[in-house]
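All values derive from a computational prediction rather than experimental measurement. Throughout, numbering of the chain's residues begins at 1 and tracks the sequence.
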Amino acid sequence: MEYAIVDIETTGSYAGGNGITEIAILVHNGQHLIEKFQSLVNPHQPIPYHIQVLTGISDKMVENAPCFHELAPRILALLEKRIFVAHNVNFDYSFIFQELKLAGFNWKAPKLCTVRLARKIIPNLASYSLGKLCQNLGIDIQDRHRAMGDAQATVILFEKLLREDKEGLILSTLKKTKEHRLPTHIDEEDFLKLPESAGIYIFRDKHGKIVYVGKAINIKKRVLSHFTGNNGTLRRQAFISEICSIDFEESGTELMALLMECQMIKKHWPPHNSALKKYEPKFCLMQYEDQKGYLRLLVSKFSKNAVAVQYFERASDANQLLLQLIEQFNLDTKICSFYSTAAEIKHKVAYDNLPSVEEYNERVQQAIDYVNGKKSTFLLVDQGRHLDEKSYIYYKNNTLHAFGFIDASNQAGQLEDLIAEQDRCTSNYYMTSLVLQYAERFPGKITTHPD
């Protein structure tokens, strides 16, 4: 195996909005160096003053340097068919991946991170930053914060890790490289304990505060997807840098995972769960009084300011209910409005042949009372998190009342006796819709007389 040991200097901390100012690549065959490459790079953007102070690389120094596009064929030749090694590997990899992609090259490589390897092979050190690690191990760094100086120090560190790797950790890591996709500030043990089953995962910051909640059919696979790919935007990098620990809760089914996710978001409102439109209905059956005093029913898109008789996920369901009310309560189609995707055609309503306002409004009120009076109650039982358990969802009087898990062998006579206090919930439209749609798809899992 051959390794490309890499270090870069950049204009900033994320690949999406910054450029490379210097690159060094040292090719190693596991015994000794076989090739070296180093170059300043013109990033075609100003280098911030604090970075100039840190690295010693000024705008003047890179003014006449080649741009990455010019160096790309040479860099690709050095990296191809070699293992990419760096200290905090995802940082260097994300920049080089993006620059090669912009230059028209589709490149990927297996990665090794000397931070993670050092933590395993040389445990219990106070710090694993390159400077502190080299200081503790007696490795001399020439030209700190310059690409070649840091790359040469990484080579010496990597050679030491190769010598002291008595348990074959480097080889086993290459066979399962998932942990090297994780940011170095996230504990590998948190990832390894994740199950490959349905449930929710919880990202916390360094203070233990929940910053994001997600649901997954395969928790481990979904969590890993957050750290793979090469989206180098500032927003994504800020999100990833905030994550310090990972928790999870298994759910047994995807529906339970969706409900658990929604309930936890409602409880904690994590800052990175910003897409909350799904918790609102899409359509509604509205009532309003027109200029003549007639109560009218209208199917429209959801509006927070509307007085809604009932909410719907699908316009077709709302139209169907309105049609049923028209037929059942003898409402007039001239002053009832169905939802259509076609452009609305405004026309003057002919009030001829309509009953009196009082008589017609009484019919409309009867229709509204009918809708409000329809109460549905059922129990949905599904698989649990293991064979000795079942999941249950209790829908009571048109609202999601409780959901949780019960022993598969429980024979209690009354459902209310089985419901733990923590299973009771305050549902919203989104949660209710999920349950009703699932009940519609799987009627065999429904009991309409739960007790």
### N/O donor-acceptor pair under 3.5 Å between S251 side chain and G199 backbone
yes

### Task
Take atom NE2 of H69 as the centre, draw a 6.0 Å sphere, and report whether it contains more than 12 heavy atoms from other residues, nucleotides or ligands.
no

### Task
Could you tell me whether the side chain of R82 and the main chain of L78 form a donor-acceptor pair under 3.5 Å?
yes

### Task
Would you indicate whether the side-chain heavy atoms of T21 and T55 approach each other to under 4.5 Å?
no

### N29: side-chain contact (heavy atoms from CB on, under 4.5 Å) partners, not counting sequence neighbours
E2, Q31, H32, I34

#### Entry: Side-chain heavy atoms of V115 within contact of R119, under 4.5 Å
yes

### Query
Do I243 and R204 have side chains that get closer than 4.5 Å, going by heavy atoms?
no

### Query
Charged N to carboxylate O under 4.0 angstrom, K282 versus E313?
yes

### Message
If I take atom CG from residue D7 and atom CG from residue D150, how far apart are they, to the nearest 0.5 angstrom?
### Response
4.5 Å

### Query
Would you call R74-E35 a salt bridge at under 4.0 Å N-O?
yes

### Task
Looking only at non-hydrogen atoms, find the nearest pair between N428 and C262 and report the distance.
ND2-SG, 3.5 Å

### Query
With respect to F84, which candidate in F91, F95, W107 satisfies the ring pair (Phe, Tyr, Trp, His ring centres under 6.0 Å) definition?
W107

### Message
Can you tell whether the side chains of E254 and K215 come within less than 4.0 Å, N to carboxylate O?
### Response
yes

### Summary
Here the gap from R441 atom CZ to I446 atom CD1, rounded to the nearest 0.5 Å, amounts to 12.0 Å

### Any donor-acceptor N/O pair, Q383 side chain to G252 backbone, under 3.5 Å
yes

### Query
For atom CD1 of I217, is the number of surrounding heavy atoms from other residues, nucleotides or ligands below 6.0 Å larger than 12?
no

### Task
Please determine if D382 and K390 form a salt bridge, counting it only when a charged side-chain N lies under 4.0 Å from a carboxylate O.
no

### Query
For A402, does its backbone N or O pair with a side-chain atom of D423 as donor and acceptor, under 3.5 Å?
no

### Query
Would you call V299 and F312 a side-chain contact if the rule is heavy atoms closer than 4.5 Å?
no

### Query
With a 4.5 Å limit on heavy-atom distance, are the side chains of F403 and M256 in contact?
yes

### Query
Taking side chain as C-beta onward, heavy atoms only, is Y392 less than 4.5 Å from L379?
yes

### Task
Please report the shortest heavy-atom distance between I51 and G12, naming the atom on each side.
CD1-N, 3.8 Å

### I219 CD1 to S197 OG distance, which is reported to the nearest 0.5 Å
5.0 Å

### Task
Kindly give the heavy-atom pair with the smallest separation between A86 and D92, and that separation in Å.
CB-OD1, 3.8 Å

#### Entry: Approximate separation, where rounding is to 0.5 Å, of C425 SG and I419 CD1
9.5 Å

### Query
Under the side-chain hydrogen bond (donor to acceptor under 3.5 Å, both in side chains) criterion, do Q52 and S58 qualify, and how do the steps go?
CA-CA 5 Å; Q52 292 189 41; S58 65; 4.9 Å; no

### Task
Kindly assign one of parallel, tilted or perpendicular to the pair F239 and H226, based on the angle between their ring planes and the thresholds 30° and 60°.
perpendicular

#### Entry: Step-by-step salt bridge (Lys or Arg N to Asp or Glu O under 4.0 Å) determination, R144 to E9
CA-CA 11 Å; R144 180 75 173 108; E9 302 303 328; over 6 Å; no

### Expected output: side-chain E389 to main-chain R385 donor-acceptor under 3.5 Å
yes

### Query
Is it true that a side-chain atom of N319 and a backbone atom of F338 form a donor plus acceptor pair closer than 3.5 Å?
no

### Task
Give me the ring orientation class for F158 and H28: parallel if the planes are under 30° apart, tilted from 30 to 60°, perpendicular past 60°.
perpendicular

#### Entry: N/O donor-acceptor pair under 3.5 Å between N42 side chain and P66 backbone
no

### Query
Looking at S39 and L71, what are the two nearest heavy atoms and their distance?
OG-CD1, 3.7 Å

### Task
Would you sort out whether D140 and Q142 count as a side-chain hydrogen bond (donor to acceptor under 3.5 Å, both in side chains), showing the intermediate values?
CA-CA 6 Å; D140 186 32; Q142 301 291 331; 2.5 Å; yes

### Task
For the pair R146 and E22, find out whether any cationic side-chain nitrogen is under 4.0 Å from an anionic carboxylate oxygen.
yes

### Summary
Separation between CG (L194) and NZ (K221), nearest 0.5 Å, reads 14.5 Å

### Query
Pick from Y311, Y339, F283: which one makes a ring pair (Phe, Tyr, Trp, His ring centres under 6.0 Å) with F302?
Y311

### Query
Is E189 salt-bridged to K193, cutoff N-O under 4.0 Å?
no

### Task
Check the pair I5, I25 against side chain to side chain contact (heavy atoms under 4.5 Å, CB included), reporting the backbone distance first and the verdict last.
CA-CA 6 Å; I5 300 170; I25 303 173; over 6 Å; no

### Task
Evaluate the ring planes of Y394 and H401, with Trp represented by its six-membered ring, and classify them as parallel (under 30°), tilted (30 to 60°) or perpendicular (over 60°).
perpendicular

### Query
Between Y201 and F203, how do the two ring planes meet: parallel, tilted or perpendicular, split at 30° and 60°?
tilted

### Message
To the nearest 0.5 Å, what is the distance between CG on D247 and CE on M264?
### Response
9.0 Å

### Query
So, does N273 use its side chain to make a donor-acceptor pair with the main chain of V213 at under 3.5 Å?
yes

### Task
Can you see which heavy atom on I170 is nearest to which on I121, and at what distance?
CG1-CD1, 4.2 Å

Without placing hydrogens or testing angles, list every side-chain donor-acceptor pair under 3.5 Å for residues 124-133, not counting sequence neighbours.
| residue | atom | partner | partner atom | Å |
| --- | --- | --- | --- | --- |
| S127 | OG | S129 | N | 3.3 |
| S127 | OG | S129 | OG | 3.3 |
| Y128 | OH | I122 | O | 2.7 |
| Y128 | OH | N124 | N | 3.2 |
| Y128 | OH | L125 | N | 3.1 |
| S129 | OG | K132 | N | 3.3 |

### Query
Side-chain contact, heavy-atom cut-off 4.5 Å: L259 with L400?
yes

### Message
Is any side-chain heavy atom of I23 closer than 4.5 Å to one of I96?
### Response
yes

### Task
Using atom types as modelled and distance alone, determine if a side-chain donor or acceptor of E70 lies under 3.5 Å from a backbone N or O of C67.
yes

### Query
Do E242 and H272 get their side chains close enough for a donor-acceptor pair, meaning under 3.5 Å?
yes

### Task
Step through the shown structure and confirm whether more than 12 heavy atoms of other residues, nucleotides or ligands are within 6.0 Å of CG on N106.
no

### Distance-only side-chain donor-acceptor flag, T154 / H87, under 3.5 Å
no

### Task
Would you name the heavy atoms of V41 and P43 that are closest together and state the gap between them?
O-CD, 3.2 Å

#### Entry: Whether Y14 side chain and G17 backbone form a donor-acceptor pair below 3.5 Å
no

### Test: K111 cationic atom under 6.0 Å from Y93 six-membered ring centre, within 45° of axis
yes

